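Order of the sequence lines sets the chain letters (A, B, ...), proteins ahead of strands, with each chain counted from 1. Bear in mind the structure is a predicted one, so any value in this text is a computation, not a measurement.
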Amino acid sequence: MIKKDRVGGLHRGLSRRSFVESAAALLSVPCVARATAAWAQEKLAGSGEVVVFSYGGSYSQAVRKYVYEPFTKATGIAVVDVTADIAEPQVRAMTRAGRVDWDVALIDGQNYPAMHDAGLFQSIDYGLWDDEALKGAPQSARLSDAVVAFRSTTLLAYDERSFPKGGPQNWADFWNVKAFPGPRGLSTVARHMVLALAADGVPNSDRWPLTDDKVERALKKLSEIKPHVAKWWTAGGEPVQALINREFVMTSCYDGRAVSAIRQGAPIRMVWSGGNLVYVYWTVLKGAPNSGNAQKLVAFLNRAQNAAAFTLGTNLTGPNVNQLQHLPADLVPLLSITEDNASQLVPQDDAWLAAKRPDGKTNVDHLQERWLAWRAQ
Amino acid sequence: MAGTMSSMAITGRAKSSRPWPTPWAWLLLPGSVFLVVLFVVPLTGLLLLAFGMPNWTLANFSRIGDSPVYLTVMRNTLEISVTVTALAFVLSYPIAYALTTGGMVLRTFLLIGVVLPYFTSTLARTFAWIVLLGRNGVVNQFLLEVGWVSQPIPLLYNRFGVILGMTHIVMPMMILPMYTVMSSIDPKLMRAAKANGASPLAAFLTIFLPLSLPGLIAGILLVFIYCLGFYITPALMGGLSDVMITMAISSQILEQLNWNFGAALSVVLLLTVLSLLWIGSRFFPIEQLLGFSDGKLGSSVTRRRWAPKC
């Protein structure tokens, strides 16, 4: 549920502005497709199909139109998308049953280390990639058996109508209810407690690993703001909607959702400082029926123009920075990959989260239990 | 009268022990296959997972015992479920009674009122409450307009919101079994009681209420068990501390991918339900609801009351 929630509701409440924008974006798609088709044919062309996991809803509609259709046009490979809220449980179930039906799945960063150790993924064939894509996507985004599909940031978002003289600039301001009064929103995701550390003055570089003393410190800080939190949201669509409805004046929020709302004209501002950055990976499953085509799709997705189309359609941003040249100028500052925004974010330490503690539990298990105890009291 | 009732129950029992199988017993087959494939097999899988198959261990259960948090969550779950069941009962009994005794027009109106929301998705109903009860919702706007409050009052995102939302969703499940049983009660019995000098209240308490008990128990059990498994409404309408066991299970299965531990939590929930049923069966004739007895409605109640050892 949580993951699906990061992806925006592009088609909800279509305003005139968003209509014009979508129309403009639509018109640009064929050009992108045609431009790539000419030289893609020799490299990625193939036949048959590739089965790809999809979150459903507006994400599926957008990714079909902006990426899969151009891919099929360029390569002749049909894309079959299968929908679920999140992929990991099914990937695990298919592997256990010894019958893998999917080729490509999106895997959340916090689940990646354990699934990588279990050997569920094939190596990515970087030989199929263009030079431009290899240069544009940083080394850290290109793992041996996974590629960052998009970066999801949990950041501070506020309703600009509530703060005509200037809104909060960082997480310390979020806790400052005197200077910035009004009801707040925070999420029920345990890992998001790191945002309280940012408010408590822990420098970004000291955030991870989230040792027990830092967990206690974060929870103590959260207890301070608790009376001012109107709602602890669970679904990713909630915070944006609550800002628009004036249920919150500020909240934690996934960047994809905020970008989607802002592009539709919502009076929302994003504050990047101290945001929690999570990677979601494209993976090719071991035992996949069409793994050759899967490798081609992953290579195609990471070309700058296709990465730009993916961003334009889904409001989720892949790692290739060359895509910025292909995106509208007013959209670029809203994305987590610009140097200015990226430098303010703290990547979540997924390897540490997946590591085992002396008592046999993983760090994320401990975090989850500690969080549950705090919230249930 | 009690004597005839219990003898009826006994003859009912005797009749049901006729030779089996009948020529039509094969009709049981599709249903049994369905149950085995879709219920017994997954449930066994769940049990095996909880015990760490193939590396057998009790670690998952000891982890539940080690941390007080799961106890708190279970207590939350029970508190919310008991409150909702009680509230739903108090609100539903009069409605079921009115359905049984009221005229045609009232009955039609009430039945539509009860059944129609049942066809609406839980999610849609939950969102409707959010529209009504939100900070800028209809109710708060009205209260502010009239001047009864100066600040929007928090109706949502707390225990009150959860209980209200859940009660609304479970009420049809409470009303319908009660209505079914109540409408099978012979109205002549009430008239006879009154003719023999019982006050309306006494007639209700000694005749109607005991006879409606099976429906009442069926409703309470259905609703209570359903409440234990609630997920959407507490997540969307509840506050931070309104964590129910299902949320912990879902987080283990979907987010942590720790199926063994999630299965262990599910087993704990299952055992809680079963033990509650067992305790309940000591005091109420639950076996009738579960179909172990095919006595006439109300008869086993009477039997229990008058001849508990039979």
Side-chain angles (χ1 to χ4, degrees), chain A residues 1-4 84-93 96 107-108 110-111 114-115 118 182-183 185-191 222-223 226-227 229-235 238 241-242 244-248 353-354 359-362 364-377, chain B residues 45 49 53 57 59-60 62-64 66-77 79 123 126-127 130-131 133-137 140 151-152 154 156-158 161 231-245 247-248 250-259 261-262 265:
Chain A
M1 183 177 87
I2 306 297
K3 188 111 56 58
K4 182 179 182 180
D85 277 1
I86 46 178
E88 289 90 334
Q90 296 217 40
V91 169
R92 182 151 279 209
R96 277 193 184 210
I107 300 295
D108 203 13
Q110 68 156 330
N111 294 321
M115 297 176 91
L186 280 175
S187 87
T188 50
V189 177
R191 292 169 286 117
L222 281 169
S223 298
K226 204 171 160 184
V229 176
K231 157 86 177 158
W232 296 78
W233 54 266
T234 47
E238 285 180 83
Q241 202 54 46
I244 295 170
N245 298 346
R246 293 175 181 266
E247 297 258 344
F248 302 157
L353 282 172
D359 59 2
K361 281 187 250 177
T362 59
V364 70
D365 276 342
H366 173 75
L367 208 63
Q368 192 73 28
E369 243 161 43
R370 193 60 200 89
W371 165 257
L372 206 57
W374 178 81
R375 71 176 283 197
Q377 64 187 299
Chain B
L49 264 182
M53 181 190 70
T57 170
N60 293 310
S62 60
R63 181 175 159 195
I64 298 176
D66 283 347
S67 163
V69 64
Y70 297 104
L71 210 68
T72 316
V73 170
M74 201 65 219
R75 200 190 59 218
N76 262 344
T77 310
E79 267 175 21
L123 200 61
T126 303
F127 274 116
I130 293 173
V131 172
L133 302 178
R135 224 168 71 91
N136 297 315
N140 262 321
Q151 282 272 317
L156 269 184
Y157 315 135
N158 48 31
Y231 181 77
I232 298 171
T233 309
L236 288 178
M237 291 176 75
L240 186 64
S241 60
D242 299 309
V243 206
M244 291 182 74
I245 188 88
M247 297 183 193
S250 140
S251 142
Q252 287 299 331
I253 303 278
L254 294 178
E255 286 163 40
Q256 321 300 327
L257 294 185
N258 192 342
W259 292 3
F261 189 59
L265 283 172

Problem set entry | Heavy-atom contact with chain A under 4.5 Å, split by part of B:L236 | both

Seminar exercise, completed: Pair count under 4.5 Å, heavy atoms only, with chain B: among A:V364, A:D365, A:L186, A:N245, highest is A:D365

Exercise. Where on B:N136 is there a heavy atom nearer than 4.5 Å to chain A: the side chain, the backbone, both, or neither?
Worked result: both

Problem set entry | Atom group of A:Q377 that falls short of 4.5 Å from chain B, counting heavy atoms | backbone

For this session: Name the region of A:D359, side chain, backbone, both or neither, that has any atom closer than 4.5 Å to a heavy atom of chain B.
Result: neither

Exercise. So which part of B:N258 gets closer than 4.5 Å to some heavy atom of chain A, the side chain, the backbone, both or neither?
Worked result: side chain

Exercise. Non-hydrogen atoms of chain B under 4.5 Å away: do they reach the side chain of A:W233, the backbone, both or neither?
Worked result: neither

For this session: Determine yes or no for a side-chain-to-main-chain donor-acceptor pair under 3.5 angstrom, with A:W371 supplying the side chain and A:T188 the backbone.
Result: yes

Exercise. Is it the backbone or the side chain of B:S251 that comes under 4.5 Å from a heavy atom of chain A, or both, or neither?
Worked result: side chain

Problem set entry | Heavy-atom contact with chain A under 4.5 Å, split by part of B:R75 | neither

Exercise. About how many Å separate CG of B:L156 and CG of B:L133, when rounded to the nearest 0.5 Å?
Worked result: 5.0 Å

Exercise. Between B:R135 and A:R246, which heavy-atom pair has the shortest distance, and what is it?
Worked result: NH2-O, 3.4 Å

For this session: Considering non-hydrogen atoms only, spot the tightest contact between B:I253 and B:W259 and give its length.
Result: O-NE1, 3.1 Å

Exercise. In terms of side-chain geometry, is the basic nitrogen of A:E247 or A:K231 positioned less than 4.0 Å from the acidic oxygen of its partner?
Worked result: no

Exercise. Rounded to the nearest 0.5 Å, what separation is found between the CD atom of B:E255 and the CG atom of A:N111?
Worked result: 9.0 Å

Problem set entry | Nearest-0.5 Å distance, CD1 of residue B:I245 to OH of residue B:Y70 | 8.5 Å

Exercise. Which distance, rounded to the nearest 0.5 Å, do you find between the CE of B:M247 and the CG of B:D242?
Worked result: 7.5 Å

Problem set entry | Closest-packed option against chain A by number of heavy-atom pairs under 4.5 Å, given B:V243, B:T72, B:L257, B:N158 | B:L257

For this session: Check whether A:A230 gets within reach of chain B through its side chain, its backbone, both or neither, counting any heavy atom under 4.5 Å.
Result: backbone

